Protein chains: 2
Amino acid sequence: MRVTQQDIARLADVSQATVSRVLAGDARVEDDKRDRVLRVIKQSNYRPDVRAQALRRRRTSLVGLVLKRPDGGLKDDPFYSALISEITAVLSKSHYHLCLDVAADSSSQTGVYDELLRTRRVDGLILVEPETEDQRLHKLQDDRFPFVVIGNPRTSVMHSVDNDNVLAARIATQHLVENGYRRIGFLGGPAGVAVSEDRVTGYRMVMAEHGLTPRVWTSDFGFASASAASRPVLDSADRPDALVVLDDFMAMGVARTARQLGLALPGDLGLVSFNDSSLCELVDGGITSVNMNFEQLVQESCRKLIQIIESKVPPVPSRLVIPCALMSRGSSRRPLGVAR
Amino acid sequence: MRVTQQDIARLADVSQATVSRVLAGDARVEDDKRDRVLRVIKQSNYRPDVRAQALRRRRTSLVGLVLKRPDGGLKDDPFYSALISEITAVLSKSHYHLCLDVAADSSSQTGVYDELLRTRRVDGLILVEPETEDQRLHKLQDDRFPFVVIGNPRTSVMHSVDNDNVLAARIATQHLVENGYRRIGFLGGPAGVAVSEDRVTGYRMVMAEHGLTPRVWTSDFGFASASAASRPVLDSADRPDALVVLDDFMAMGVARTARQLGLALPGDLGLVSFNDSSLCELVDGGITSVNMNFEQLVQESCRKLIQIIESKVPPVPSRLVIPCALMSRGSSRRPLGVAR
DNA sequence: GTCGTCCGTGAATACGTATGCACGTATTCG
DNA sequence: CGAATACGTGCATACGTATTCACGGACGAC
């Protein structure tokens, strides 16, 4: 049978309330009683029942995270692994746990969120790059339910943590310009993706500053899509001499197409992408990539959420932006024959 | 304020007990009362409080999963993404959720498990490839705590689901033999890893059947380690003409080293690995890989665990083995000049 | 008509913890 | 030295749900 505070109380000859106080670290408990209680607790191997605590404290110590599941696309995206790993690491330090669900599509995603919070299963939520006009956001705000957005929430004001995507794209583009590239293009993701649009913005800024003509193409996410989408781009007369690509997976696709077309990296095509994942090492010479500092991004998100849950933060929506840094590799080196 | 069964009861002019019965689908409730209750529930947007349910039912409807975190190695391993995605998909169908933690090392992993189950936070556990003499296993069995092992538990009898790793290695090796390779080697993982050892077994069996001499090398996990470990192997006089490699990431590393040494795939070196991840498409020509049927593996694990939790299964330990299938790609094609 | 059986229902209780309240004792201050 | 204050402790209760128990009425059998 399970050991409860009642049992501890009986053995230590105190009341159950006192046991509870000892566990809560209440200072006003006589030392000898505290010692007795602590000794019995240690002997009996007692651990509080989180289910009862949750009911009484009105806290489950669980944080919810719901991920999209685009046709098994989650399967190979290392981004999610990094996300989850960091989240749990930060949460455990504050004695929280992660309750994870994966929804097939966006609407069922909303359903899962609703389920998690209305049944009081979780104390707060982390939303990853919600769509621009996401109903959830307004619902959550109306309910005053604790949550934090990872990404650019765009519309109303709320707690959020984001990469500095404009800066990242500026750094990437500037890097190519400095290495002598001029006909620089941008291969982004589907329309409506905030990350992509922010990076396009940064790209256009730098191009404009140098009097260069921006050219933007789009592609679906993933290796295969980007590989296919980049073929007409690279296989044309006025092909760009460099590309800024939305993420490493897509850059791998571009690299393969370039190789198939006989284009050398970085000689015939400069390449810079984002995320700095280990994939970048897989291509000979490596792919230059902007490290977005995911660890920090996620850490800050969790810390902020916990602060909100524990009401340690005023209900003033705050937006935090995480810096980034270029990781230079072979794919963007100065092409031969270009003077410094 | 939150809506409770008490509120529903008042509005529908019945007792709270009756509301509970209606929600539980109890047949012996008068129809008109049931209708009144259901109408009020719908109007008031009531949802039960899982915290109270957990305390009363002695069930949290949470399943625990703890992953190892080998120095950020989790970060890029798509295996974990697939694992998590499948687990949550199956669980949600049975109204369970996943409680996920990531532990830095093996001992803290034990601690996290202990925490999850002793505080009654989860109803059951999924253990992924536990080490051979894992203390957890015995503890859990002694406590009669519901759990299921993914992988080969080796020692005592318990509920487990595993890939057919011996068969997978047989298929891979046989495939290479049939394509004319003879000096076939095996590049495995660190000692003590059950998956690796089982695959070595299958490899040795086929080699013996054909009167060929087996040669086994080991390497740490990951792209970089395998790349380094394969260098002396491939850069020697009696290098193998084909390698069976423990997983796709490691195979990518081998492929890079081969490329750097000027060895052509599959002409100079045949390559077969396991998992059939999307990485296999990244190399020109593709890497032949054995698909281990992860989805099914995970699905069966979850189903079994839920059955155990809900006592729908007798406490007779069962071991289920999932089949696998070869996905042939360029890296293992019949070398030129080899007659059929 | 009486007795027994069955069924629907509400009252009461339990799950294990946290906490407001009250009581008794020890301490301090006028 | 009496009154006021502070402190440590136990009692009782609440959190929201599920379930047992008992009660009252309906119904059937004789």
Side-chain angles (χ1 to χ4, degrees), chain A residues 1-38 40-41 44-62 95 115-123 310, chain B residues 1-38 40-41 44-62 95 115-123 310:
Chain A
M1 192 43 207
R2 176 152 185 79
V3 179
T4 72
Q5 289 188 356
Q6 200 61 256
D7 303 327
I8 305 295
R10 198 168 343 98
L11 292 172
D13 196 30
V14 295
S15 72
Q16 175 264 324
T18 299
V19 177
S20 177
R21 290 194 186 101
V22 170
L23 265 69
D26 195 321
R28 1 161 269 193
V29 175
E30 238 175 30
D31 283 348
D32 66 331
K33 295 200 178 180
R34 183 198 314 283
D35 293 344
R36 288 212 307 274
V37 169
L38 288 176
V40 174
I41 284 178
S44 59
N45 211 9
Y46 165 84
R47 297 256 54 203
D49 187 321
V50 290
R51 300 170 302 189
Q53 286 185 327
L55 178 60
R56 177 61 225 232
R57 293 177 170 164
R58 331 192 64 120
R59 291 268 173 82
T60 58
S61 298
L62 286 175
H95 302 284
E115 192 65 20
L116 283 182
L117 69 94
R118 301 245 336 271
T119 62
R120 301 288 174 179
R121 189 176 285 287
V122 299
D123 296 339
E310 299 178 351
Chain B
M1 193 44 207
R2 174 150 187 81
V3 180
T4 70
Q5 290 187 356
Q6 199 62 255
D7 303 326
I8 305 295
R10 200 170 341 101
L11 292 173
D13 197 30
V14 294
S15 74
Q16 174 263 324
T18 300
V19 177
S20 178
R21 290 193 185 100
V22 170
L23 265 68
D26 194 321
R28 2 161 267 194
V29 174
E30 241 175 29
D31 283 347
D32 65 331
K33 294 200 179 182
R34 182 198 314 283
D35 292 345
R36 288 212 308 273
V37 169
L38 288 176
V40 175
I41 284 178
S44 58
N45 210 11
Y46 166 83
R47 300 256 53 203
D49 187 321
V50 291
R51 300 170 302 189
Q53 286 184 325
L55 178 59
R56 178 61 227 233
R57 294 176 170 167
R58 330 193 66 119
R59 290 268 173 83
T60 57
S61 298
L62 286 175
H95 302 284
E115 193 64 21
L116 285 181
L117 69 94
R118 302 247 334 272
T119 62
R120 302 287 171 177
R121 188 176 286 286
V122 300
D123 296 339
E310 298 177 351

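Predicted model only: the values in this text are computed from it and were never measured.
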Phosphate oxygens OP1/OP2 of D:dC15: is one of them under 4.0 Å from a side-chain N or O of A:Arg120?
no
D:dA18 phosphate, OP1 or OP2: any side-chain N/O from B:Ser20 under 4.0 angstrom?
yes
Between C:dA18, C:dG16, C:dA12, which one does the side chain of A:Gln5 approach most closely?
C:dA18
Measure from CD on A:Glu30 to P on C:dA26 and round the result to the nearest Å.
10 Å
Below the 4.0 Å mark, does D:dT17 have OP1 or OP2 next to a side-chain nitrogen or oxygen of A:Arg51?
no
Examine distances only and state if a side-chain atom of B:Arg36 and a backbone atom of B:Ala12 form a donor-acceptor pair shorter than 3.5 Å.
yes
Just to verify, which of A:Leu11, A:Ile8, A:Val19, A:Val37 counts as forming a side chain to side chain contact (heavy atoms under 4.5 Å, CB included) with A:Tyr46?
A:Ile8
Is there a side-chain polar atom (N or O) of B:Ser15 under 4.0 Å from OP1 or OP2 of C:dG10?
yes
For atom CZ of A:Arg10 and atom C1' of C:dG16, their distance in whole Å
14 Å
Look at all strands and tell whether A:Gln6 reaches a base, only sugar-phosphate, or nothing, counting heavy atoms closer than 4.0 Å.
nothing
Salt-bridged, B:Arg121 to B:Glu115, with N to O below 4.0 Å?
no
Grab the CG-C1' distance between B:Leu55 and D:dA14 for me, whole Å please.
12 Å
Regarding A:Val19, tell me which of base, sugar-phosphate or nothing describes its non-hydrogen contacts under 4.0 Å with the strands shown.
nothing
5' precedence on DNA chain C between B:Val29 and B:Arg57 (nearest-nucleotide basis)
B:Val29
Let me know the distance between CZ of A:Arg56 and C1' of C:dT17, rounded to the nearest Å.
7 Å
Over how many whole Å does the gap from A:Asp26 atom CG to C:dG20 atom C1' extend?
13 Å
Would you say the side chains of A:Gln5 and A:Gln16 form a donor-acceptor pair under 3.5 Å?
yes
Has the side chain of A:Arg21 got a donor or acceptor atom that lies under 3.5 Å from a matching backbone atom of A:Asp26?
no
Record whether the side chain of A:Arg21 comes under 3.5 Å of the base of D:dG10 through a donor-acceptor pair of N or O atoms.
yes
Does the C:dA18 base have a donor-acceptor partner in the side chain of A:Gln16 within less than 3.5 Å?
yes
Protein-nucleotide distance (B:Gln53, atom CD; D:dT19, atom P), rounded to Å
10 Å
Selected nucleotide, minimal atom distance to B:Pro48 side chain, candidates C:dT17, D:dT17, C:dG10
D:dT17
From CZ of A:Arg59 across to P of D:dA14 the rounded distance in Å is 22 Å
Is the phosphate of D:dG16 approached by B:Tyr46 (side-chain N or O, under 4.0 Å from OP1 or OP2)?
no
Answer yes or no: does a side-chain N or O of A:Lys33 lie under 4.0 Å from OP1 or OP2 of D:dT9?
yes
Specify the residue among A:Thr18 and B:Leu23 whose closest nucleotide of DNA chain D lies further upstream toward the 5′ end.
A:Thr18
Nearest-angstrom distance from the residue atom CZ of B:Arg47 to P of D:dT17
11 Å
For the side chain of B:Arg34 and the backbone of B:Val22, is there at least one donor-acceptor N/O pair under 3.5 Å apart?
no
